[in-house]
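Reviewing the structure listed below.
A note on names: the letters A, B, ... follow the listed sequences, proteins ahead of strands, and every chain is numbered from 1.
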Amino acid sequence: MRILPCADAGLLVELDELEQVLALHAALSERSLPGVLDLIPAARTLLVSLDPERADRRALADEIRRVPLTGALPAGALPAGTGAAGGERADRGSLTVPVIYDGADLDAVAELTGLTPREVVLAHTGTEWRVAFGGFAPGFGYLVGGDPRLEVPRRAESRTGVPAGSVGLAGRFSGVYPRTSPGGWQLIGRTELEMWRTDRDPPALLRPGLRVRFEEVS
Amino acid sequence: MSEPDTGTAGLAKGSPANRRLEVLRPGPLSTVQDLGRTGLAGMGVGISGAADRSSLRLANRLVGNAESEAAVEITLGGLWLRARGVLTVALTGASFPVTVDGRAAASHTVLTLPTGSVLRVGQCRTGMRGYLAVRGGIDVPAVLGSRATDTLSGLGPEPLAGGTVLPVGRAHGEFPRVDAAPITPPSGGELTLPVLPGPRQDWFSAEALRHLLHEPFEVTRDSDRVGMRLSGPPLPRNETGELPSEGMVSGALQVPPAGQPTLFLADHPVTGGYPVIAVVLSAHVAVAAQARPGQRLRFRAVREPSEY
């Protein structure tokens, strides 16, 4: 673990793998730490965003270092949102996302993975994913836990307008674009579920810790 | 000492719904802003809120509001408003020429707008953003706990347009006994911003850090509430690999491969995929937000540990 400062506005905790990020996120979420405004998990890091007038950065760094990240749970089996220190195992629920698999990059993904388009669909619907973290746009969740054969690079060129509901792949992640936006992920399908609505509580369907299954519809 | 609230007392207590500001002209960009949204980064929602938070807080204090009330953030000027009901307002941030019904008034002072009067905010000569607070606060519906317009994610009220009507809330608390704020308006000259080394400083060459701390940078036209793109000497990297996206703070100097930094402001994305070479100290992000295209910035290093 390395704890890197972002001036007085935050501490960027760098970890070895996503599972540790999620464990630290879960553990810190359960504590009330003075001066901490927000926790922003990402693939390899957790940003602890701070109120500079209230946070004692050195004390916080010491506290973060004391959080046990392994041992309590088998590595790799940690559901997001689980207290790493043996706290409550909060089940954040599950969601089925109906998908029409007619994405513009479905053939490209098949070529990149050596699968047929049909096998890509079966692989995408065949395992349970979970939301590791949010980012990019309101309601966008980075989903992990899918079939490892689906690991593909981003497109060489980003699209200027990816339609809302597009289901994509990039790296080890899958995701659903909550609204029309630029984007470089490989698009394999689309869903009519509204991923983000501000008049709903919570507004995001995909929240860290949620388990997700994709289901093919025509 | 006058009692600026006296005239509004009946209206404010009895029928706050009648007190409002009508937008006649919005200028290039005027938005409603408060101190933004926190705790929602997990859903991809950034903090947003006023780009110059110190000036927003000051404007609210001048009219006796809580510092977190919503006000109008004016970019460069050009905002004309009509008061419905007697309103108490204060304008802070950049120094704008102000008139009320054609008569010159001053910024950074407490102004009473008679009902039906027109407040015109002209173009500022230095600085970038002004904050018009009204006693009672701008009372548009909150979205996820804030009235801020996040220009990146599209959350919050639409930017002001001709015909927009801004409801004014009920005044709480006592009126502060102050008429004017003795502040120095934003400078049009070179600004010096204190920075600390960023989380990814080791991705850059020694030359990059030397350039950053000893050469001037210019604010380009490609600047908005998300961030200010700067032009200056290149900041070459040592590390050429891909950085997995990571959380970003306001004040971060993010450097894309071309080597020209972007200084992140209020609407910056929650996460970013380019390394951060240095971070402007929190209290000075408000100063940075007043820099306009063409203005020069220098970064001065403050000593701090590079790792905890």
Side-chain angles (χ1 to χ4, degrees), chain A residues 2-14 18 21 25 29 36-53 57-58 60-62 64-65 131 133-142 154 171 178-179 181 196 198-199 201-209, chain B residues 35-48 141-145 150 152-156 193-202 242-253 264 269-273 275-276 278-285 301-302 304-308:
Chain A
R2 284 206 302 165
I3 302 182
L4 307 166
C6 301
D8 53 354
L11 295 173
L12 187 72
V13 187
E14 188 178 62
L18 178 61
V21 174
H25 181 227
S29 302
V36 172
L37 294 177
D38 215 338
L39 298 169
I40 304 162
R44 293 271 306 281
T45 55
L46 179 74
L47 174 65
V48 182
S49 156
L50 302 177
D51 174 349
E53 283 170 22
R57 285 174 278 156
R58 199 163 286 283
L60 268 171
D62 289 343
I64 289 166
R65 263 187 230 295
V131 184
F133 52 90
F136 174 63
F140 190 88
Y142 289 79
R154 286 160 194 259
R179 62 174 196 153
S181 59
W196 175 260
T198 52
D199 60 354
D201 186 25
L205 282 186
L206 301 182
R207 306 177 294 284
Chain B
L35 294 177
R37 306 171 176 87
T38 50
L40 300 170
M43 291 195 292
V45 175
I47 295 175
S48 186
V143 176
L144 303 179
D150 184 334
L152 185 70
S153 69
L155 290 178
L193 301 171
V195 294
L196 286 175
R200 300 297 169 194
Q201 59 161 316
D202 55 356
E242 283 272 299
L243 180 72
S245 286
E246 57 192 25
M248 290 282 147
V249 296
S250 290
L253 282 160
F264 275 159
V270 171
T271 57
V276 171
V279 180
V280 176
L281 288 187
S282 298
H284 297 265
V285 176
V302 182
E304 266 281 294
S306 63
E307 210 172 304
Y308 284 97

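Of the residues considered (B/Gly247, B/Gly46, B/Gly42, B/Pro199), B/Pro199 shows the highest number of contacts with chain A, using heavy-atom pairs under 4.5 Å. No other option in B/Val270, B/Asp150, B/Val280, B/Val249 has as many heavy-atom pairs under 4.5 Å with chain A as B/Val249. The candidate from B/Val195, B/Leu155, B/Val285, B/Val276 with the greatest count of non-hydrogen atom pairs under 4.5 Å with chain A is B/Leu155. If you tally non-hydrogen atom pairs under 4.5 Å between each of A/Pro203, A/Ser49, A/Pro178, A/Gly139 and chain B, the highest count goes to A/Pro203.
Taken from CG in A/Asp51 to OG1 in B/Thr38, the straight-line distance is 9.5 Å, to the nearest 0.5 Å. In this structure, A/Phe140 CZ and B/Thr271 OG1 are separated by 9.5 Å, a value rounded to the nearest 0.5 Å.
Looking at B/Pro269, neither its backbone nor its side chain comes within 4.5 Å of chain A, counting heavy atoms on both sides. Neither the backbone nor the side chain of A/Glu53 has a heavy atom closer than 4.5 Å to any heavy atom of chain B. At a 4.5 Å heavy-atom cutoff, the contact between B/Leu281 and chain A is made by backbone and side-chain atoms alike.
The shortest heavy-atom contact between A/Thr45 and B/Ser245 is OG1-O, 4.5 Å.
A/Arg179 places a side-chain N or O within 3.5 Å of a backbone atom of B/Ser153 that can act as its donor or acceptor partner.
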For residues 3-12 of chain A, which side-chain N or O atoms pair as donor and acceptor with protein atoms under 3.5 Å away, sequence neighbours left out?
unit_1	atom_1	unit_2	atom_2	d
A/Asp8	OD1	B/Ser282	N	2.9
A/Asp8	OD1	B/Ser282	OG	2.8

